[in-house]
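Below you'll find the structure, written out as structure tokens, and then a few comments.
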Protein chains: 2
Amino acid sequence: MTSIKDLARHLDISIGTVSRALNNKTDVSQETKSKVLKAAAELGYVPNQAGRSLSKGKTNVIGFVLETDSEGMMQGDLFFIRVFDGMQSVLTKRGLNLVALLSPSNVEPEAYLQQIVARRFTDALVLSSIHRNDARINFLNQQGMPFATLGRSLVDGGQPWLDLDFDGVVEDAIARLTQKGHRTIALALPRNDLNLRHIMIESYRKNIAKAGLQLDEDLMIRISPGDRAGVTLVHQLINMPQKPTAVIYSDHILPFGIYRGLADLGLTPGVDLSLIGVGTRLAAFLTPDLTYYRFNLFDLGVRIAEALLTIMDDPTAAEGRPVVRESVPFTFIEGQSIADLT
Amino acid sequence: MTSIKDLARHLDISIGTVSRALNNKTDVSQETKSKVLKAAAELGYVPNQAGRSLSKGKTNVIGFVLETDSEGMMQGDLFFIRVFDGMQSVLTKRGLNLVALLSPSNVEPEAYLQQIVARRFTDALVLSSIHRNDARINFLNQQGMPFATLGRSLVDGGQPWLDLDFDGVVEDAIARLTQKGHRTIALALPRNDLNLRHIMIESYRKNIAKAGLQLDEDLMIRISPGDRAGVTLVHQLINMPQKPTAVIYSDHILPFGIYRGLADLGLTPGVDLSLIGVGTRLAAFLTPDLTYYRFNLFDLGVRIAEALLTIMDDPTAAEGRPVVRESVPFTFIEGQSIADLT
DNA sequence: TTGTAGGCGTTATCAG
DNA sequence: CTGATAACGCCTACAA
């Protein structure tokens with residue numbers, strides 16, 4: 001490994017000057033600068049991160065914290081990769097390294113997070129799978145670790161957040177379904193602790209009422225964990241006294257299970273049961289065509305990264321400045337998974 | 001942040017002693033040790049990673065390098081998460097942090113890797129998506145960065161590797177298919193540069209011959225990049241002069257496209273076209289049931305991590321010691337996607 | 001514009 | 001068993 005010392009010796013100038021040249025400080029002659037840069041390139045010099053971190057008190061690492069659920073299944077998969085890429089596209093420009101951190105399934109997520117924070121492994125974090133009362137938010141605040149969340153929580157840490165507009169998804173879905181004559185609409189809900197669940201419930205309540213329909217609590221169904229979620233859901237729906245004609249969901253894998261569950265019973269999506277929800281590129285594989293909502297996840301990543309940079313650049317002024325807090329809009333993709341009952 | 005210096009001052013002993021106590025060295029009195037540990041807990045002291053890295057020349061970070069293809073699609077997704085988890089389960093015990101590193105789509109993968117290595121960001125790396133002639137292998141060797149690969153290459157860097165037994169998959173698939181009367185069997189191949197492609201080709205050649213079938217080069221088809229791969233493949237197969245009755249593949253997403261492509265043409269998997277290949281838990285969503293091969297990916301992760309630890313612990317003895325180099329076996333899952341033509 | 005020197009937090013060596 | 005000190009690589013006053 002060639003160090004700054006080697007470089008200095010090689011050029012026969014002082015370490016300090018080399019450092020300043022490398023960091024493009026103003027008080028170095030152009031000539032020296034280019035000489036240093038050239039030599040650095042030749043010797044393949046790249047600053048050692050540990051040395052720099054120690055001196056500057058920054059690691060230049062941003063962590064993206066991912067959670068797998070109890071089944072080791074990741075809601076996100078394809079989801080997060082796009083967000084991740086969007087974030088990188090802005091962070092690399094700033095010399096920041098984005099890394100994905102996955103809680104091991106054999107360690108408590110909180111313990112894992114604590115360890116990351118305590119070691120000062122990152123300069124900032126992005127949290128996903130936000131809970132309704134997410135203890136991590138206060139924890140990070142109290143530890144002075146800058147962060148943003150992909151999703152919101154009842155707990156407000158003053159941090160920037162971005163969220164997918166699930167509220168709007170449910171609203172739009174109910175509008176479309178009722179317009180096509182659906183009057184018994186089920187809602188497939190994710191696991192208990194996620195705030196997303198509550199956002200969906202609220203939106204569902206509001207928009208069912210708005211549509212002039214009777215609210216039936218039994219129509220709000222928690223999807224079971226694991227791979228069989230969609231299949232199980234179909235059986236539940238089919239066996240309800242008031243059989244729903246449609247179901248709205250947020251999990252992009254769920255429709256695969258639903259299609260499968262329907263097929264097992266000889267039923268057809270969009271005929272025997274309508275479904276609409278959030279989808280990714282995987283949706284294109286379903287037959288008949290899925291009707292779904294898509295988000296621009298790359299863009300979301302870009303915006304999260306930008307929001308994060310803002311608070312990192314100026315952590316003190318956090319009070320006065322408006323913090324980025326937005327729901328990102330969806331795009332509607334027409335398909336054949338909704339029946340017209342009129 | 002409380003540093004070791006604070007701790008020492010607080011206890012009124014020297015920094016050196018504190019350090020030794022913290023690291024549980026033998027030459028410290030039990031009494032001092034427990035005093036230090038207690039104080040550390042009270043003051044919430046956690047060693048600063050940068051300082052430690054600088055001093056020890058180790059970062060305690062292991063990087064898992066992931067690639068997305070040109071479409072930003074990740075072959076792996078669900079795949080890698082399990083492997084990752086398996087690795088973590090052994091690495092955390094050793095106080096090592098595993099992070100996922102994704103080349104940004106707007107940066108050359110090689111440049112990204114170089115940067116990671118040069119910054120000495122990690123103590124070791126795991127490479128995936130191994131190419132037939134993978135330049136990264138020599139690069140890492142020459143940089144003195146310990147690494148293991150998830151897949152092998154023609155380039156031999158002496159590193160440990162583990163690979164999924166795709167060779168065996170193709171062999172078993174051909175055996176099963178021919179046994180059921182298939183005589184025109186297509187092979188769906190991944191992108192050019194992956195070594196996996198060549199492993200599959202070789203195995204295909206060998207086993208087609210072994211089955212006493214005529215080799216037809218046209219039956220080895222490169223799948224197109226992107227989401228439409230499976231659909232496109234179906235069209236290709238259908239339009240061949242010698243229409244294949246079956247296809248073998250390695251990409252766990254591909255069957256979704258194939259099912260979709262067949263459905264579009266009113267054809268049925270396992271009847272009009274048989275298919276068999278590598279699958280993940282997603283496979284369970286396909287109707288009719290997919291016939292496929294499954295790997296224990298968690299286990300694979302465990303073994304990769306262990307192999308990595310071996311070379312990290314004793315980098316010098318690398319020559320004499322047997323390096324872990326294995327193909328991990330598959331499990332066959334019976335389904336209905338293979339027609340019996342006999 | 002450049003060189004010097006101190007410090008970031010930790011570990012390791014070497015006296016005591 | 002413990003304390004002092006140098007070293008890791010880099011940055012940044014401060015001095016020249």
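So you know, we letter chains A, B, ... as the sequences are listed, proteins then strands, and number each from 1.
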Heavy atoms, side chains only, cut-off 4.5 Å: are B/Val117 and B/Leu125 in contact?
yes
Would you kindly compare B/Lys33 and B/Ser55 by the position of their nearest DNA chain D nucleotide and give the one closer to the 5′ end?
B/Lys33
With a non-hydrogen cut-off below 4.0 angstrom, is B/Ser53 in contact with a base, only sugar-phosphate, or nothing?
nothing
Need one value for B/Leu22: base, sugar-phosphate or nothing, where a base atom within 4.0 Å counts as base even if backbone is also close, heavy atoms only.
nothing
Quick one: how far along DNA chain D does chain A reach, first to last nucleotide 5' to 3', anything under 4.0 Å to a heavy atom?
D/dC8 to D/dA13
Which two nucleotides bound the region of DNA chain C that has atoms under 4.0 Å from heavy atoms of chain A, read 5' to 3'?
C/dT1 to C/dG9
Look up atom CZ in B/Phe64 and atom CG in B/Leu150, then write down how far apart they are to the nearest 0.5 Å.
5.5 Å
Does some side-chain heavy atom of B/Val65 sit less than 4.5 Å from a side-chain heavy atom of B/Leu113?
yes
Under the 3.5 angstrom rule, does the side chain of A/Asn97 hit a backbone N or O of A/Val61 as a donor-acceptor pair?
no
Just to be sure I understand the rule, does A/Ser19 reach a base, reach only the sugar-phosphate, or reach nothing, if contact means heavy atoms closer than 4.0 Å?
base
Taking any heavy-atom pair under 4.0 Å as a contact, classify B/Gly57: base, sugar-phosphate, or nothing.
nothing
Between B/Val46 and B/Asp27, which residue's closest nucleotide on DNA chain C lies nearer the 5′ terminus?
B/Val46
Which residue, A/Leu96, A/Val302, A/Val126, forms the side chain to side chain contact (heavy atoms under 4.5 Å, CB included) with A/Met87?
A/Val126
Salt bridge or not between B/Arg325 and B/Asp156? Use side-chain N to carboxylate O under 4.0 Å.
yes
If the threshold is 4.0 Å, N to carboxylate O, is there a salt bridge linking A/Lys25 and A/Asp27?
no
Distance-only polar pair, side chains of B/Asn106 and A/Ser89, donor-acceptor under 3.5 Å
no
